[in-house]
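Chain letters run A, B, ... following the sequence lines, proteins first, then strands; residues in each count from 1.
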Amino acid sequence: MQREATHAVAPAVPVPAAKLGMWWFLASEIVTFGGIIVAYLVFRLAHPQWLEEAAHLSVPIATFNTLVLLTSSLTMVLAFAAVDRGDERRVATWLALTVALGLVFVLVKAYEWRHEIAAGRVPGESGFWGFYYGMTGLHALHVLGGVVVNACLLIAALRRRLEPIAHRVEMAGLYWHFVDIVWIFLFPLLYLSTH
Amino acid sequence: MEAHAHPNYVAIWVWLLILALFSVMITAVPMPHPLMVTVVFVVAAVKAILVALYYMHLRFEQLLIYSLALAPLICLAVLLLVLLPDIVYHP
Amino acid sequence: MSETSGPQAAHAVHPAPQGFVRRYLFSTDHKVIAKQYLAIALFWAVVGGLSAFLIRWQLAWPGEPVIGSGLLPEAFWDGDSWLAQSLQYGSIPAEFYNKLFTMHGTIMVFFVAMPLLLGALGNFLIPLMVGARDMAFPRLNMLSVWTLAVASVILLISFFVPGGAAASGWTAYPPLSAVPELSEVNWGQNLWLIAVALEFASFLMGGINFLTTTVNLRAPGLSLFRLPIMVWFQCIAAVLFMLSVGPLIAGAVMLLLDRLAGTSFFIPSGGGEPLLWQHLFWFFGHPEVYVIMIPGMAAALEILPVFSRKPLFGYRLIVYATFAAGFLSFIVWAHHMFQSGMDPRLAMPFSITTILISVPFALMVFAMIATLWGGVIRFPTPMLFALGVLGVFIMGGLSGIFNGSAPADIYIHDTYFVVAHFHYTLFAATFFGGFAAIYYWFPKMFGRMLNDTLGKIHFWWTFIAFNATFLPMHLVGLGGMMRRIANPLNYDFLQPLQPLNVWISISAFVLMLGQLVFVVNFFWSLVAGRRAEANPWQANTLEWSTASPPPHHNFDTIPTVYRGPYEYSPPGVAEDWLPQHRPLVGGPAATA
């Protein structure tokens with residue numbers, strides 16, 4: 001860092017405040033999700049028999065959901081690129097797609113949960129199902145939160161009020177991609193590596 | 001906005017899809033379990049890094065943002081290391 | 001990037017809001033928010049102190065009706081009011097005693113120390129010390145204090161729900177905390193978990209502001225190594241908190257699921273692992289100790305140079321040492337668990353890291369002493385309390401070495417030796433550091449001076465009574481008295497210690513009584529204290545360059561900074577201080 005007296009208002013390397021705040025929030029989210037994932041990891045290693053319980057989960061459905069969420073990350077980042085170009089209509093289109101894909105993810109997840117619960121695999125069934133519902137539930141709540149935020153941005157974009165939301169699309173995007181990354185790890189942790 | 005140009009987001013998306021499908025298909029190939037698990041998680045890590053570097057623009061960020069993203073991972077690694085003997089390998 | 005997030009926007013002068021609600025309740029002004037944190041902390045300090053009173057009463061005279069309970073008629077104690085249900089005809093049942101020490105710890109750590117040292121001090125001082133008009137995210141700041149208010153209300157409600165407040169210790173170890181049938185507390189523990197999680201959320205939001213304001217909103221010329229130690233320490237504390245609290249938030253969700261959804265993450269009968277909670281708790285808990293302690297140390301480090309009229313010794317060394325301590329604090333936590341049944345192979349490495357972490361703190365203590373060395377020392381109340389931090393913290397640090405080495409800890413674990421140890425460290429930071437800060441910055445906060453004579457009485461009363469309370473506690477602990485027992489007389493081998501317990505309790509009551517001096521001083525000075533000038537202590541840092549109390553926008557013009565914060569008695573200057581913002585023409589410091 002420079003040490004001489006300068007006359008700029010912010011003497012350090014300027015980091016946009018909103019971005020710094022967002023990454024602070026994400027860092028706290030990483031340790032939170034990380035905490036439960038680390039706990040799951042050690043339990044899974046300690047209980048080889050969870051393999052058979054995990055085998056009940058539907059890989060095709062989860063794969064479909066993975067593709068949905070990955071695609072929603074693409075639409076989100078394209079919305080951000082459209083903001084950069086000042087293309088209001090495209091911003092609205094991409095945001096709408098992101099919201100729709102997020103909802104698809106949650107609905108598929110709900111279907112999956114219903115299926116498991118109907119088969120008697122409830123949270124208290126065993127340690128594995130506790131972690132399954134705990135982790136996917138926490139993640140689904142985060143997806144829902146992202147859907148709500150993106151929907152608010154979508155409404156603003158539809159009203160052609162791009163200016164005040166411009167950098168919020170970037171921040172919402174950071175959050176959305178983070179939620180995507182969590183799923184990227186939950187997918188192999190819970191569904192793959194089963195045999 | 002940042003001075004850098006946007007990376008090719010669609011190309012990265014294609015890679016992400018390929019990797020996701022690859023990690024699903026690899027589970028069907030007969031191979032030792034530890035190897036399969038390793039491959040699956042390496043693929044997941046590559047996907048996460050792709051998203052973080054390009055969709056979250058970490059590649060173009062300053063040190064401070066980088067450290068905010070990395071410091072939590074170091075903490076988690078420490079937590080994992082200490083939990084291992086206690087919960088997995090205890091006598 | 002849109003201009004709303006740029007630093008210039010935060011430097012713009014906004015008119016002060018009108019109307020009571022916008023000015024004092026839902027204010028975005030960091031100075032008002034700091035006072036709100038202070039009010040919350042002082043309120044809880046009273047509740048926490050009352051619970052300490054009842055704890056000490058029970059330990060000195062187990063089963064005796066609490067003093068004053070006889071004044072209430074027999075009919076009252078026959079009734080079913082909350083008080084009559086909690087205390088049986090004035091005496092403290094063991095179940096209620098469990099709630100008392102649980103809530104005493106929870107309140108003092110989460111609802112007194114953190115709001116006081118981070119909430120009030122951090123919020124008040126960071127913008128003023130870096131020369132900003134407000135925090136980087138003022139509305140988020142408001143949200144954080146109101147989240148804490150909601151958490152406070154929930155914690156308060158938990159006392160009065162059926163079954164009463166949580167009774168599993170402030171560490172909430174499962175399975176006691178996970179299975180309602182074991183502690184006979186149901187909603188009390190659930191609300192406890194929710195309140196604590198909300199408190200975490202509040203300080204996570206607050207921390208964003210600490211870091212962002214310091215990174216982005218510093219006045220011109222204020223490079224990182226010209227920042228006051230207080231700003232450094234608040235930011236380091238915020239980062240430590242943020243990095244450590246996540247796993248415990250996850251753990252709290254899991255514990256809540258265990259209680260409500262029938263899972264068994266922590267319940268051994270269902271395949272869970274209670275040790276996991278202990279790891280998650282202390283992975284947070286140990287950094288948390290430093291989150292509380294270093295802002296208290298920072299208050300002492302700010303005050304010592306001012307009243308020694310000497311530069312702070314080893315400024316950079318202190319900053320680096322604190323970084324080292326922060327880093328090490330993440331790899332020491334299992335020293336809380338030597339007796340928990342964890343893998344014994346972990347004991348040695350964690351003993352070593354624990355002893356290592358005393359090095360940076362010893363450096364800090366040496367820096368404090370070296371700052372005093374050869375200075376022209378004055379002894380107003382803030383200086384006395386700052387010296388109190390130094391003295392008490394040395395004691396706490398020394399007993400920490402015993403606790404940190406596994407062979408000694410196995411003997412003293414869960415005894416009153418540990419209780420004495422953490423009161424010596426956390427009381428040093430929270431109360432001595434907190435009082436030092438309040439006496440020092442009160443003029444800036446409220447525009448009036450606290451009475452110095454009453455302050456000195458308060459200090460000596462507190463200092464003597466504190467040591468009379470907690471020094472003998474080491475002996476009680478070494479004598480084998482366990483923590484968290486409701487009646488020491490139930491154990492034959494503790495009978496000889498009972499006179500010491502009575503002494504400790506009486507000293508504790510004297511200590512509490514002494515705080516009335518502060519309460520009187522605080523409220524009397526608030527309305528009738530001598531008006532404070534802008535810089536009553538002749539200090540250098542930026543907060544003293546503006547009026548007392550500062551206007552809504554803090555600085556009429558943003559000051560330019562020319563030097564570090566601790567240039568006392570500089571050569572070639574007539575006065576014995578040289579404020580950070582004062583340009584020197586032709587002097588030796590002009591080029592510094």
Find out whether V78(B) and W333(C) are in side-chain contact, i.e. whether some heavy atom of one side chain is under 4.5 Å from a heavy atom of the other. yes

Between L81(B) and chain C, which part of the residue has a heavy atom less than 4.5 Å away: side chain, backbone, both or neither? neither

Tell me the closest heavy-atom pair linking C75(B) and L243(C), and the distance in Å. SG-CB, 4.0 Å

Is the shortest side-chain heavy-atom distance between V82(B) and F350(C) below 4.5 Å? yes

Mind checking the CD-CD1 spacing from E273(C) to I87(B)? Nearest 0.5 Å is all I need. 5.0 Å

Between the main-chain N or O of D343(C) and the side-chain N or O of D86(B), is there a donor-acceptor pair closer than 3.5 Å? yes

Segment of L79(B) engaging chain C (4.5 angstrom heavy-atom cut-off): both

Tell me, side chain or backbone of P349(C) under 4.5 Å from chain B's heavy atoms, or both, or neither? neither

If you count the non-hydrogen atoms of other residues, nucleotides and ligands that lie under 6.0 Å from CZ in F327(C), is the total more than 12? no

Which bit of F330(C) is near chain B, if near means a heavy-atom gap under 4.5 Å: side chain, backbone, both or neither? both

Can you tell which part of L276(C) gets under 4.5 Å to a heavy atom of chain B, answering side chain, backbone, both or neither? both

Any V239(C) side-chain heavy atom under 4.5 Å of L68(B) side chain: no

